[in-house]
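Notes follow once the structure below has been shown.
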Amino acid sequence: MINLNLSNLGDFLTNEELENMMNEAKSAQKKVYDKSGDGSDYLGWVDYPFSYDKEELSRVKKAATTIARSSDVLVVAGIGGSYLGAKAVISALTPYFEKPGLEIIFAGNTISSTYMSNLKDYLWDKDFSVNVISKSGTTTETAIAFRILFNMLKKKYMKEELLEHVFVTTDKEKGALKQIADEYEFETFVVPSDMGGRYSVLSAVGLLPIACAGIDIDKILKGAQAVYNDLKKDDNIAQKYAAVRNILYKKGYDIEILEAYEPSLVNFNEWWKQLFGESEGKELKGIFPASCIFSTDLHSMGQYIQEGRRNLFETVMEIKEPKCNIDIPFDKNNLDNLNYLSGKDLNYVNNTALEATIFAHKEGGVPEIKLEIDELDEFHIGYLVYFFEMSCAISGYILGINPFNQPGVEAYKSKMFEMLGKPKK
């Protein structure tokens, strides 16, 4: 399971402060469950680990089999919550090199002409499918990518063959993508209308690409179901995490760095940054979410964390049991002076680096939260995703904002459309 270790926070908060903030966290979680807070129309994710559409899940699995049979590559076209969750889970749970089976590529999350040109060239002589994900179907980055990719597919396959190469995840009833899907009779999956993209990874939005990667999505849902039940109890880890974040925020610690010592979690960190950044960054409030992969980033960001401004705190994800391990060999010449480590395994060294860094940063005045995760598998990823979603909702309500909208993201879009000359409706 997952344990929240607060043993390194004694110098930064008192028991009384934690007890008082925990009362606020309990009230905030109650708002989530009884839908009495702002944004209550977007709480479909809360019960989703149990209320998901069983028939749709079955079709997700069937579509994944079809895609794997018909294609060498799946291109997932989406941006923000439409792709970050799937990419996070796939990166965390698949091998670093020579990933087995279907190759999965992400597009529609950038307007880089070079990226799309290179992608076209790469796909040209390959059998590929597209899973386009957008509630409206008109999100600029995704719509451009899909137009280009769909044009390629129409040149490559007969109309009836397209049914095995295009899969649409969009609004259940309306929108540009829904119209295209209906016209071509493409298989469609639903972007739930009652949850924002950053909370949608456990729906078909995330589960179809994840299933295509050969990952057991039933086990992911079991992990989410387990934490759902755990978080129904008082004094749960989501309440504690949200409470501690807000205590530190009130003391001037307004930057949180999520850290992992496993490079496969770099995309999980990116999903987490959207979840908290888009949910809490409103009304001139909010903790700024940042991330690092250690020990790699200790050689670039370590100096600042150790001795820079004291306005940041760290949340460290510790994976107790690695997927693989390797012993450090003995070398009779010992020119690198590493024989003191010979016979020890690399995970032992990695965990020692983790503990040493926590100690050093704490001594340097950095508050340290630790999430202890038994292992990095489907169950624990499902558990971790739902834990962070609930923690974010609680934290947002404590902060006094609506954690389920994102009004600020429209500012750049409006100006960009004006500059591009987009016709007004």
Side-chain angles (χ1 to χ4, degrees), residues 4-18 20-22 24-25 84 198 240-263 265-318 350-372 388 391-392 394-401 403 406 408-409 411-412:
L4 185 67
N5 186 332
L6 304 179
S7 63
N8 291 294
L9 286 172
D11 297 336
F12 302 100
L13 56 83
T14 66
N15 289 333
E16 183 181 4
E17 287 173 326
L18 182 57
N20 290 337
M21 191 62 78
M22 279 295 290
E24 291 192 44
L84 277 172
R198 58 192 181 275
K240 288 179 181 177
Y241 177 53
V244 169
R245 294 179 81 250
N246 279 275
I247 292 170
L248 294 173
Y249 176 62
K250 288 186 175 183
K251 293 187 174 190
Y253 297 99
D254 57 4
I255 297 173
E256 179 179 11
I257 306 176
L258 183 69
E259 296 160 359
Y261 284 69
E262 191 62 60
L265 287 169
V266 65
N267 288 307
F268 188 90
N269 289 357
E270 294 301 311
W271 169 78
W272 174 88
K273 284 193 285 190
Q274 186 202 1
L275 178 66
F276 279 89
E278 199 167 72
S279 296
E280 291 193 325
K282 294 155 196 167
E283 302 174 21
L284 304 181
K285 299 178 183 179
I287 297 167
F288 183 83
S291 66
C292 288
I293 295 294
F294 287 164
S295 63
T296 305
D297 291 334
L298 286 172
H299 294 259
S300 57
M301 294 299 294
Q303 172 62 41
Y304 188 95
I305 296 169
Q306 186 71 44
E307 296 184 347
R309 293 183 62 206
R310 300 297 77 181
N311 64 335
L312 56 87
F313 66 97
E314 297 174 292
T315 296
V316 181
M317 294 188 289
E318 178 185 17
N350 199 33
N351 282 343
T352 303
L354 181 153
E355 295 297 341
T357 303
I358 288 176
F359 177 85
H361 288 180
K362 178 188 173 185
E363 291 294 299
V366 180
E368 299 288 323
I369 302 168
K370 187 161 73 165
L371 277 174
E372 298 167 339
F388 275 128
S391 299
C392 186
I394 295 169
S395 186
Y397 279 151
I398 293 173
L399 191 61
I401 51 88
Q406 53 281 338
V409 299
Y412 90 90

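Not measured: the values here are computed from a predicted model.
Rounded to the nearest 0.5 Å, atoms CD (Glu318) and CG (Asn5) are 8.5 Å apart. For the atom pair CD of Glu372 and CG of Leu4, the computed distance is 8.5 Å after rounding to the nearest 0.5 Å. One finds the CG atom of Leu258 at 8.5 Å from the CG atom of Leu265 (value rounded to the nearest 0.5 Å). To the nearest 0.5 angstrom, Asn267 atom CG is 10.0 Å from Ser291 atom OG. Note that CG of Asn8 and CD1 of Ile358 are 6.0 Å apart. Values are rounded to the nearest 0.5 Å. Atom CG of Leu371 and atom CD of Glu259 lie 11.5 Å apart (nearest 0.5 Å).
Nearest heavy-atom pair across Cys392 and Pro403 is O-CB, 4.3 Å. Taking each heavy atom of Leu18 and Ile247 in turn, the nearest pair found is CA-CD1, 3.7 Å. Cys292 approaches Asn269 most closely through the heavy-atom pair O-ND2, 3.5 Å. In terms of heavy atoms, Ile394 sits closest to Ala25 at CG2-O, 3.6 Å. A pairwise comparison of heavy atoms in Met22 and Ala243 identifies SD-CB, 3.9 Å as the closest pair. Across all non-hydrogen atoms, the minimal contact from Pro367 to Leu312 is CD-O, 3.5 Å.
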Next on the checklist: Set out, in order, the CA-CA distance, both residues' side-chain angles and the distance that settles side-chain contact (heavy atoms from CB on, under 4.5 Å) for Thr315 and Ile257, then state yes or no.
Outcome noted: CA-CA 6 Å; Thr315 296; Ile257 306 176; over 6 Å; no
Item to check | Phe12 and Phe313: CA distance, side-chain angles, deciding distance, side-chain contact (heavy atoms from CB on, under 4.5 Å) verdict | outcome: CA-CA 10 Å; Phe12 302 100; Phe313 66 97; over 6 Å; no
Next on the checklist: Run the side-chain contact (heavy atoms from CB on, under 4.5 Å) test on Ile369 and Leu6 for me, step by step, so that the C-alpha distance in whole Å, both residues' side-chain angles and the decisive distance to 0.1 Å come before the verdict.
Outcome noted: CA-CA 6 Å; Ile369 302 168; Leu6 304 179; 4.1 Å; yes
Checklist entry - Does the side-chain contact (heavy atoms from CB on, under 4.5 Å) test come out yes or no for Arg310 and Val366, once each step is laid out? => result CA-CA 7 Å; Arg310 300 297 77 181; Val366 180; 3.0 Å; yes
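Legend: residues meeting ring pair (Phe, Tyr, Trp, His ring centres under 6.0 Å) with Tyr261, ordered by chain and number and at least two apart, are Phe294.
Asn246 pairs with exactly one of Met21, Lys251, Glu24 by the side-chain contact (heavy atoms from CB on, under 4.5 Å) rule, that one being Met21.
Using a 4.5 Å heavy-atom cutoff, the side chains of Met317 and Glu262 are not in contact. In this structure the side chain of Gln274 never reaches within 4.5 angstrom of the side chain of Gln406, judged on heavy atoms.
Without hydrogens or angle criteria, Ser279 side chain to Leu275 main chain gives a donor-acceptor distance under 3.5 Å. In this structure, Glu270 contributes its side chain and Leu84 its backbone to no donor-acceptor pair below 3.5 Å. Thr14 contributes a side-chain N or O that, together with a main-chain N or O of Glu17, makes up a donor-acceptor pair within less than 3.5 Å. A distance-only check finds a donor-acceptor pair linking the side chain of Tyr249 to the backbone of Gly286 [under 3.5 Å].
Between Tyr241 and Phe276, the ring-plane angle classifies as perpendicular under the 30° and 60° cut-offs.
More than 12 heavy atoms of other residues, nucleotides or ligands lie within 6.0 Å of CD in Glu363, so this atom counts as buried by the packing criterion.
Electrostatic pairing of Lys362 and Glu368 does not count as a salt bridge here, judged by no charged N lying under 4.0 Å from a carboxylate O.
The salt bridge (charged side-chain N to carboxylate O under 4.0 Å, His left out) contacts involving residues 275-292 comprise Arg198-Glu278, Arg245-Glu280, Glu283-Lys285, where partners must be two or more places apart or lie in separate chains.
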